[in-house]
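Structure first, then comments.
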Amino acid sequence: MSRKICCLLILSLACSCLSGCQKSQKPAKEASLDFTVVTDSEIPEELQTLIDERKEKPFTLTFSDQAYLYVVKGYGKQNCSGYQITIHDFYKSPEGIYFNSELFGPKEDNPDARESYPYIVIKTEYTDLPLIFADE
């Protein structure tokens with residue numbers, strides 16, 4: 001009797017673990033949003049300070065200056081330079097604004113072994129909708 005109970009417990013535990021392993025779905029797209037990638041010299045000083053405080057570890061951040069919404073995704077400290085960031089999605093969904101980016105690189109022949117802190121800053125029209133950050 002106890003062997004059957006033990007087997008049932010193990011089976012139910014395995015089923016519950018497997019049911020939680022589904023990949024989350026992207027929210028439905030309502031409309032594309034225009035954005036501009038912001039260069040370092042164009043980042044507002046207050047936002048640059050916030051980025052510098054967080055850059056050691058991966059982070060996400062939003063910042064507004066009443067006219068624009070800035071969306072920031074940082075990938076933390078890397079052991080070398082030469083990384084690139086690609087934005088896969090940036091759109092309005094029923095749940096809010098969906099943002100998805102990915103870090104690539106560096107190339108194998110990259111001779112620059114200096115540490116880096118890759119991040120991307122984009123600027124769009126101000127909205128008070130919540131932001132949904134997703135990773136590939």
Side-chain angles (χ1 to χ4, degrees):
M1 174 88 171
S2 66
R3 184 176 173 116
K4 286 183 181 181
I5 293 173
C6 185
C7 287
L8 285 174
L9 286 173
I10 292 173
L11 183 59
S12 66
L13 180 62
C15 288
S16 66
C17 287
L18 290 175
S19 66
C21 293
Q22 295 179 356
K23 186 175 181 180
S24 61
Q25 300 266 339
K26 292 194 310 188
K29 184 176 184 177
E30 284 185 350
S32 295
L33 296 174
D34 292 330
F35 66 90
T36 303
V37 176
V38 180
T39 63
D40 287 342
S41 63
E42 299 171 321
I43 297 173
E45 189 175 320
E46 186 178 350
L47 176 56
Q48 187 63 59
T49 300
L50 295 171
I51 292 169
D52 291 341
E53 291 171 354
R54 292 165 173 77
K55 71 180 183 180
E56 288 283 330
K57 297 183 179 182
F59 69 94
T60 58
L61 179 65
T62 59
F63 178 85
S64 66
D65 65 2
Q66 302 198 359
Y68 296 103
L69 174 68
Y70 295 85
V71 180
V72 185
K73 170 72 180 199
Y75 289 89
K77 182 179 178 181
Q78 304 296 321
N79 292 328
C80 60
S81 64
Y83 288 90
Q84 294 182 1
I85 300 170
T86 298
I87 298 173
H88 293 296
D89 289 308
F90 186 67
Y91 61 84
K92 182 179 177 184
S93 76
E95 292 85 20
I97 305 298
Y98 181 76
F99 177 85
N100 184 356
S101 65
E102 185 175 6
L103 182 67
F104 289 100
K107 294 182 180 178
E108 291 181 25
D109 60 348
N110 182 19
D112 192 352
R114 291 180 290 173
E115 62 190 33
S116 63
Y117 304 89
Y119 63 88
I120 192 164
V121 179
I122 65 170
K123 175 173 78 171
T124 191
E125 287 185 27
Y126 176 78
T127 178
D128 60 355
L129 294 172
L131 238 93
I132 303 162
F133 288 94
D135 293 317
E136 285 291 314

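Along the sequence shown, residues are numbered consecutively beginning with 1. These values consider heavy atoms only, across backbone and side chains, with no hydrogens, waters or symmetry-generated copies.
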Output the distance between atom [atom1] ([X]) and atom [atom2] ([Y]), rounded to the nearest 0.5 Å.
X	Y	atom1	atom2	answer
Lys123	Ile43	NZ	CD1	11.0 Å
Asp89	Ile97	CG	CD1	12.5 Å
Lys92	Ser32	NZ	OG	12.0 Å
Lys77	Lys57	NZ	NZ	11.5 Å
Lys29	Ser93	NZ	OG	11.0 Å

Just by distance, do the side chain of [X] and the backbone of [Y] share a donor-acceptor pair under 3.5 Å?
X	Y	value
Thr124	Asp34	yes
Tyr117	Arg54	no
Ser116	Cys80	yes

Distance-only polar pair, side chains of Asp40 and Tyr119, donor-acceptor under 3.5 Å:
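The answer is yes; a qualifying pair exists.
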
Does the side chain of [X] reach to within under 4.5 Å of the side chain of [Y], using non-hydrogen atoms?
X	Y	result
Leu50	Phe59	no
Phe99	Thr60	no
Leu61	Tyr70	no
Pro94	Glu30	yes
Glu42	Thr36	no

Check the surroundings of atom CD in Glu125: do more than 12 heavy atoms from other residues, nucleotides or ligands lie under 6.0 Å from it?
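For Glu125, atom CD is not crowded (no more than 12 foreign heavy atoms under 6.0 Å).
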
Would you say that more than 12 heavy atoms from the other residues, nucleotides or ligands in this model lie under 6.0 Å from the CD of Gln48, or not?
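Enclosed.
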
Would you say [X] and [Y] are hydrophobically clustered, going by side-chain heavy atoms of ILVMFWY under 4.5 Å?
X	Y	value
Leu69	Leu129	yes
Phe35	Val72	no
Phe90	Phe133	yes
Tyr68	Ile120	no
Val37	Leu103	yes

Mind checking whether Tyr91 and Tyr98 have parallel, tilted or perpendicular rings, split at 30° and 60°?
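Rings of Tyr91 and Tyr98: tilted, 30 to 60°.
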
Minimum heavy-atom separation for [X] to [Y], with atom names?
X	Y	answer
Val38	Ile122	CG2-C, 4.1 Å
Tyr83	Gly105	CE2-O, 3.1 Å
Ile132	Gly96	CD1-N, 4.2 Å
Tyr126	Gln66	CB-O, 4.0 Å

Could you check whether Lys73 makes a cation-pi contact with Tyr75, meaning its NZ or CZ is under 6.0 Å from the centre of the six-membered ring and within 45° of the ring axis?
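Yes; both conditions hold, so Lys73 lies above the ring face of Tyr75.
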
